[in-house]
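One structure below.
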There are 2 protein chains.
Amino acid sequence: MQGKEPNTLLQDFIEKCQVHNLKVTPQRVAIYRELFDSTEHPTVDAMFQVVKKKFPNISYDTVSRTMLTFAEIGMVDLVEVYGGAKRFDPNVSNHHHLHCVSCGKIFDFHSDHYNNLEIPDDVRRAFTVLTSRVVLKGICEKCSNPGKISP
Amino acid sequence: MQGKEPNTLLQDFIEKCQVHNLKVTPQRVAIYRELFDSTEHPTVDAMFQVVKKKFPNISYDTVSRTMLTFAEIGMVDLVEVYGGAKRFDPNVSNHHHLHCVSCGKIFDFHSDHYNNLEIPDDVRRAFTVLTSRVVLKGICEKCSNPGKISP
DNA sequence: TGACAAATAAGAATAATTCTTATTTAAGAA
DNA sequence: TTCTTAAATAAGAATTATTCTTATTTGTCA
Ligand SMILES: [Mn+2]
Ligand SMILES: [Mn+2]
Ligand SMILES: [Zn+2]
Ligand SMILES: [Zn+2]
């Protein structure tokens with residue numbers, strides 16, 4: 001996810017908790033670690049399954065609450081879906097998404113042009129715009145070439 | 001929603017059903033009518049509540065199935081949400097969305113510029129892109145000025 | 001009109017999330 | 001270090017959203 005050393009990352013996490021008056025619990029640390037190892041856009045259940053391996057008696061509710069708490073303080077994003085379970089994004093920097101309509105995966109991509117789209121005047125007058133993202137739908141490589149052996 | 005006469009609309013609907021081998025049932029007609037009266041982005045439940053008034057013993061399941069069927073044949077879109085119930089869009093023409101993070105409403109807006117965004121080369125190489133939409137998050141007028149009397 | 005696949009209603013089942021309550025614990029104060 | 005307390009957690013119940021199952025009804029077409 002990022003190039004920092006684990007200890008620095010943990011220190012960042014602890015500071016972010018302190019800033020927001022959140023206790024640094026072992027559950028939160030465990031969830032934090034797994035979240036930022038992930039380059040996917042995990043659901044609560046996906047994270048629960050992974051975290052449970054290292055923290056066997058954590059509850060689903062704790063994972064769910066924690067991920068929502070992390071979203072509230074801007075540590076992760078809640079991403080757009082078309083129904084079903086919520087999905088989270090550990091990458092909160094400006095980027096865009098392609099949803100594969102075949103396998104349901106969400107792929108990140110980057111574009112300076114998309115990052116700097118002008119907000120139309122009529123929208124700017126009527127709304128306070130906070131974020132902007134381009135969302136594409138399409139078919140990913142793997143779904144286009146199901147038989148192909150990856151190189 | 002659109003300027004056509006009701007009978008023409010109904011005729012269009014009947015033809016679309018025939019093309020897709022769907023029976024023209026009174027339930028489908030009732031749901032169709034309410035959907036295309038709506039400028040919102042209704043959930044299944046919202047539609048169920050409305051349709052039930054004119055069709056008291058329609059079942060929730062029928063409304064749900066029908067709206068998904070309509071989405072499959074491209075008569076409505078399933079729109080992006082951040083969790084919770086699915087939401088549908090009777091406007092399938094090219095447009096963009098602003099999600100009010102305060103009240104949760106989804107507002108349509110139009111922009112030729114946004115309609116014609118270039119797909120980045122690396123994305124184009126790796127994916128077959130089908131649709132593109134700009135999704136903004138922000139605060140709507142009503143949520144910004146809660147006290148203001150509308151003119 | 002009659003045959004029949006498709007569609008429906010009703011309720012059960014499942015999935016996703018949130019709530020309730022008793023218990024534990026992190027963090028600051030003494 | 002020990003004490004205090006509000007915050008966090010686990011467990012399971014409850015709620016919300018959706019889908020499935022089954023018996024019955026109904027468009028459509030011959
Ligand atoms: Mn992402
Ligand atoms: Mn719309
Ligand atoms: Zn795919
Ligand atoms: Zn609003």
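Note on naming: letters A, B, ... go to the chains in the order of the sequence lines (proteins, then strands), and numbering restarts at 1 for each one.
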Distance, rounded to the nearest Å, where B:Lys86 contributes NZ and D:dT18 contributes P
5 Å
When you match B:Ala85 and A:Arg28 each to their closest nucleotide on DNA chain D, which lands nearer the 5' end?
A:Arg28
Given atom CG of A:Leu68 and atom P of C:dC19, what is their separation to the nearest angstrom?
10 Å
Is the phosphate of D:dT9 approached by A:Thr25 (side-chain N or O, under 4.0 Å from OP1 or OP2)?
yes
Assign the ring pair B:Phe48 / B:Tyr60 to parallel, tilted or perpendicular, where the plane angle (0 to 90°) is split at 30° and 60°.
perpendicular
Which one, D:dT19, D:dT9, D:dA8, comes nearest to the side chain of A:Gln27?
D:dT9
Could you tell me whether B:Ile14 contacts a base, only the sugar-phosphate backbone, or nothing, with contacts defined as non-hydrogen atoms closer than 4.0 Å?
nothing
Check for a donor-acceptor pair, side chain of A:Ser144 on one end and backbone N or O of A:Cys140 on the other, with a separation under 3.5 Å.
yes
To the nearest Å, how far apart are B:Asn57 CG and D:dT26 P?
10 Å
What is the distance, to the nearest angstrom, from the CZ atom on A:Phe55 to the C1' atom on C:dT24?
12 Å
Atom pair CD/NZ of A:Gln11 and A:Lys16 - distance to nearest 0.5 Å
14.0 Å
Hey, which sits more toward the 5' end of DNA chain C by its nearest nucleotide, A:Pro26 or B:Thr66?
B:Thr66
Phosphate oxygens OP1/OP2 of D:dA17: is one of them under 4.0 Å from a side-chain N or O of B:Thr43?
no
A:Asp45 near the nucleic acid: base, sugar-phosphate alone, or nothing, with a heavy-atom cut-off under 4.0 Å?
nothing
Please work out whether the ring planes of B:His113 and A:His113 are parallel, tilted or perpendicular, with thresholds of 30° and 60°.
tilted
Ignoring backbone atoms, establish whether A:Arg65 has a side-chain N or O less than 4.0 Å from OP1 or OP2 of C:dT18.
no
For C:dC4 and B:Lys23 - does any side-chain N or O of the residue sit under 4.0 Å from the phosphate oxygens OP1/OP2?
no
Length of the line joining B:Arg87:CZ and D:dA17:C1', which is rounded to integer Å
14 Å
In terms of side-chain heavy atoms of A:Leu22, which of C:dT18, D:dA8, D:dT19 is nearest?
D:dA8
Taking only side-chain N and O atoms of B:Ser59, does any of them lie within less than 4.0 angstrom of OP1 or OP2 on C:dA10?
no
Given atom CZ of A:Phe48 and atom P of C:dT17, what is their separation to the nearest angstrom?
13 Å
What is the distance, rounded to the nearest whole Å, between atom CG of A:Asn21 and atom C1' of C:dA26?
13 Å
So, is A:Tyr60 close to the C:dA16 phosphate, meaning a side-chain N or O under 4.0 Å from OP1 or OP2?
no
Gap between atoms CG and P, on A:Asp61 and D:dA7 respectively (whole Å):
17 Å
Tell me if the centroids of the rings in B:Phe36 and B:Phe70 come within less than 6.0 Å of each other.
no
Would you call the rings of A:Tyr82 and A:His99 parallel, tilted or perpendicular, where under 30° means parallel and over 60° means perpendicular?
perpendicular
Along DNA chain D (nearest heavy atom to each residue), the more 5'-positioned of B:Val24 and B:Ser64:
B:Ser64
